[in-house]
Amino acid sequence: MASFTPSGAWLKSAEVIGALGFPLSTRMMTFYLGPANHPTWSRRAKRPRTTLTPSLAFRRGKPWMTFGTMGGDQQEQWSLQFILYREAFGMTIQEATRGAELSSDHFPGFFAPHDHAPKHVRIEARFGGQGDRRTASAAATPSR
């Protein structure tokens, strides 16, 4: 069992390993050599940030399900929501895939110009209430 999350937009510009039939990642273009406080600052013994998060879930110690999503900065957040929908709320794969989503805009964006909105989240209207952007304190208790 394996999980892959291709980054389609850059596949055309990546070198292909002919004998293996897949391209090398071009995601290193988003790693930085400075400033030292940048979230994707590349240095020895550090795992640079990337938005690709192919996931493998285990159940009773055995591989159970693979999953992943497109979505840039929201990938990790939406993957967590998917697995919570499946496990905590007992949704089917289809229900979990189409479940209402929320995501934080708090941290600097992965892609230039690295925008962020501290203490803000995006909440789909399907959660109830107004949807759109709210402060984190308002988002923590969405009305259903």
Side-chain angles (χ1 to χ4, degrees), residues 1-17 22-144:
M1 189 177 286
S3 180
F4 302 94
T5 304
S7 181
W10 297 315
L11 288 179
K12 292 184 267 182
S13 63
E15 293 293 325
V16 174
I17 302 172
F22 62 85
L24 294 171
S25 174
T26 56
R27 283 297 175 126
M28 287 185 70
M29 70 183 219
T30 58
F31 297 172
Y32 291 83
L33 300 177
N37 65 345
H38 195 281
T40 59
W41 180 47
S42 297
R43 66 181 182 272
R44 187 175 159 263
K46 182 175 185 282
R47 295 180 182 160
R49 179 180 177 215
T50 182
T51 63
L52 299 177
T53 54
S55 301
L56 171 63
F58 286 74
R59 183 176 272 172
R60 294 178 202 72
K62 296 184 180 183
W64 170 59
M65 176 177 63
T66 62
F67 59 97
T69 182
M70 298 179 292
D73 290 313
Q74 287 73 37
Q75 286 181 3
E76 296 89 350
Q77 298 172 66
W78 293 340
S79 290
L80 175 61
Q81 287 170 210
F82 171 80
I83 198 69
L84 287 173
Y85 280 153
R86 292 281 288 138
E87 288 299 287
F89 298 104
M91 292 183 177
T92 66
I93 290 174
Q94 186 70 24
E95 290 168 335
T97 301
R98 295 184 180 223
E101 295 172 339
L102 61 92
S103 58
S104 169
D105 294 324
H106 183 79
F107 296 100
F110 185 67
F111 303 103
H114 312 292
D115 291 335
H116 70 287
K119 299 182 182 178
H120 281 79
V121 296
R122 294 174 193 245
I123 302 175
E124 286 188 355
R126 294 185 290 158
F127 271 112
Q130 300 295 317
D132 203 21
R133 291 182 137 180
R134 301 186 208 171
T135 62
S137 59
T141 56
S143 59
R144 287 195 176 246

Less than 3.5 Å apart, which donor and acceptor atoms pair up between the side chains of residues 97-104 and the rest of the protein, not counting sequence neighbours?
residue: Thr97; atom: OG1; partner: Ile93; partner atom: O; Å: 2.7
residue: Ser104; atom: OG; partner: His106; partner atom: N; Å: 3.0

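Interatomic distance, CD of Glu76 versus CD of Gln74, reported as 9.0 Å (0.5 Å rounding). The line from CD of Glu95 to CZ of Phe89 is 12.5 Å long, rounded to the nearest 0.5 Å.
Listed by chain and number, the residues in a side-chain contact (heavy atoms from CB on, under 4.5 Å) with Leu80 are Ile83, Leu84 (sequence neighbours excluded). Residues passing the side-chain contact (heavy atoms from CB on, under 4.5 Å) test with Arg60, sequence neighbours excluded: none.
Minimum heavy-atom separation, Met1 to Trp64: CE-O, 3.9 Å. Here the closest heavy-atom approach between residue Gly68 and residue Ser79 is recorded as CA-OG, 4.4 Å. The two atoms that bring Leu56 and Pro63 nearest to each other are CD1-CB, 4.1 Å, heavy atoms only.
Between Arg59 and Glu87, some side-chain heavy-atom pair lies under the 4.5 Å cut-off.
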